[in-house]
Amino acid sequence: MSRRRVRLPGFTGRMMAPGLLLLAAVSLLPLAAVVAMSFARVHLLGGLRLEGVGTANWERLLSDPDTAWAWVRTAAYFALTVGGEMVLGTALAVCLWRLRGGRNAALSLLLLPMFVAPVIVGLLGRFLTDSTFGLYTWLLRQLGYHGDIMADKTTAFAAVTLMDIWEWTPLIALIALAGLTSVPSSVLEAASLDGAGLPRMLRHIVLPSIAPVLLVALLIRSMDALRYFDIIWNTTGGGPADATKTASVRLYETAFRFFDFGYAAVTGLLMLAVTTVVARYFVRLLERKEPAR
């Protein structure tokens, strides 16, 4: 019988080994702890102690209407923010791409919201929508709306959604613009000589050419939007009447307000699973878009 030759890691593998081991330690050990907590009741008084409860936490997850509604809000928040950012970001990227002069200055101004910390965006949004002195409240009153933005379920949800769109649309625009700069100019010139206008070139040449780049942008924002927390917590805290309480906000409250760490662990594992499934779906789409070599 022929012996299989054991392939030892090369120089690059040996150099990366300490970092990979450290990454595994800080990733896998917490994951194992969360899995153990999901099957237990966590006691904090008198020291950390786990009391096994079997699948009680998982059964509670399947029958909890508050968690179900939190996931419905998360899905709505995900669809509105990611969809709005993709459409607006791509449109802004096309405008910058077609801009002849001052592109760098316009791009610098466009990217400013992206460099603001999400916590600051939330605090700024709460200040601008304050019912007594907020600038947006004053503008809406001039248009005939006299309600409190953050006290109404619909307007509060719309406000946190628009704040997210305002902050992260520049990221999509930047990624899409990078893809647009790689579109061959010779193809566009040939299409223009054949009489194709800008709408037709965008539909049949430009957008198909940058589809893989847009999928990368979609993947990045999707993974972040599913677990977004900062803006919502700093503006509404999940209110009013749980109107903006997404899965991430419910997870935080379960763990650090009610100290129900076992149930919070189950919620966190569900968020991890959903994020992984969505990310894997977009990765497969990206692999299909890649040209065959």
Side-chain angles (χ1 to χ4, degrees), residues 12 16 19-20 23 27 74-100 102-116 118 161-162 164-228 248 271-293:
T12 304
M16 292 177 61
L20 293 175
L23 181 62
S27 301
T74 302
Y77 185 80
F78 170 83
L80 292 173
T81 55
V82 176
E85 289 161 8
M86 292 300 298
V87 172
L88 291 176
T90 305
L92 289 173
V94 171
C95 292
L96 288 174
W97 178 57
R98 299 288 295 179
L99 193 63
R100 298 300 180 185
R103 178 188 296 181
N104 293 334
L107 181 60
S108 300
L109 292 175
L110 176 65
L111 295 181
L112 286 179
M114 190 177 67
F115 298 112
V116 181
T161 300
L162 291 173
D164 188 289
I165 292 174
W166 176 80
E167 181 176 17
W168 295 114
T169 293
L171 176 63
I172 305 299
L174 180 63
I175 297 174
L177 183 61
L180 287 169
T181 55
S182 64
V183 177
S185 57
S186 58
V187 177
L188 297 176
E189 292 174 359
S192 179
L193 292 175
D194 289 338
L198 179 60
R200 295 185 63 183
M201 284 194 293
L202 289 176
R203 180 180 177 183
H204 298 287
I205 299 176
V206 176
L207 291 181
S209 299
I210 66 171
V213 177
L214 293 179
L215 280 175
V216 171
L218 184 60
L219 172 63
I220 294 172
R221 281 302 301 139
S222 296
M223 295 178 64
D224 193 39
L226 283 170
R227 48 188 174 81
Y228 211 66
S248 57
M271 290 185 63
L272 176 62
V274 172
T275 305
T276 303
V277 169
V278 172
R280 184 56 187 163
Y281 173 74
F282 287 127
V283 168
R284 286 185 177 180
L285 287 181
L286 183 60
E287 290 173 350
R288 293 177 186 174
K289 290 291 183 181
E290 289 182 351
R293 295 182 179 179

About how many Å separate [atom2] of [Y] and [atom1] of [X], when rounded to the nearest 0.5 Å?
{"X": "Ile165", "Y": "Ile172", "atom1": "CD1", "atom2": "CD1", "result": "11.0 Å"}
{"X": "Asn104", "Y": "Leu109", "atom1": "CG", "atom2": "CG", "result": "11.0 Å"}
{"X": "Leu107", "Y": "Leu111", "atom1": "CG", "atom2": "CG", "result": "4.5 Å"}
{"X": "Phe78", "Y": "Arg221", "atom1": "CZ", "atom2": "CZ", "result": "9.5 Å"}
{"X": "Leu162", "Y": "Thr81", "atom1": "CG", "atom2": "OG1", "result": "10.5 Å"}
{"X": "Glu85", "Y": "Leu171", "atom1": "CD", "atom2": "CG", "result": "8.5 Å"}

Between the main-chain N or O of [Y] and the side-chain N or O of [X], is there a donor-acceptor pair closer than 3.5 Å?
{"X": "Arg227", "Y": "Met223", "value": "yes"}
{"X": "Thr90", "Y": "Val87", "value": "no"}
{"X": "Arg103", "Y": "Trp97", "value": "yes"}

Residues Tyr77, Leu226; criterion side-chain contact (heavy atoms from CB on, under 4.5 Å); working and verdict: CA-CA 8 Å; Tyr77 185 80; Leu226 283 170; over 6 Å; no

Side chain proximity check, Met86 to Leu218, heavy atoms < 4.5 angstrom: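 Met86 reaches Leu218 side chain to side chain.
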
Results of salt bridge (charged side-chain N to carboxylate O under 4.0 Å, His left out) for Glu167 - residues two or more places apart only: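 Partners of Glu167 under the salt bridge (charged side-chain N to carboxylate O under 4.0 Å, His left out) test: none.
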
Non-neighbouring partners of Ser222 that pass side-chain hydrogen bond (donor to acceptor under 3.5 Å, both in side chains), sequence neighbours left out: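 Applying side-chain hydrogen bond (donor to acceptor under 3.5 Å, both in side chains) to Ser222 gives none.
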
Nearest atoms (heavy-atom pairs only) where [X] meets [Y]:
{"X": "Leu92", "Y": "Ala173", "result": "CB-CB, 4.3 Å"}
{"X": "Gly89", "Y": "Thr169", "result": "N-CG2, 3.6 Å"}
{"X": "Trp168", "Y": "Met114", "result": "CZ3-CG, 3.9 Å"}

Can you give each donor-acceptor pair under 3.5 Å made by side-chain atoms of residues 207-214, sequence neighbours left out, with the distance rounded to 0.1 Å?
| residue | atom | partner | partner atom | Å |
| --- | --- | --- | --- | --- |
| Ser209 | OG | Ile205 | O | 2.6 |

Chi angles and distances behind the side-chain contact (heavy atoms from CB on, under 4.5 Å) call for Tyr281, Val277: CA-CA 6 Å; Tyr281 173 74; Val277 169; 5.6 Å; no

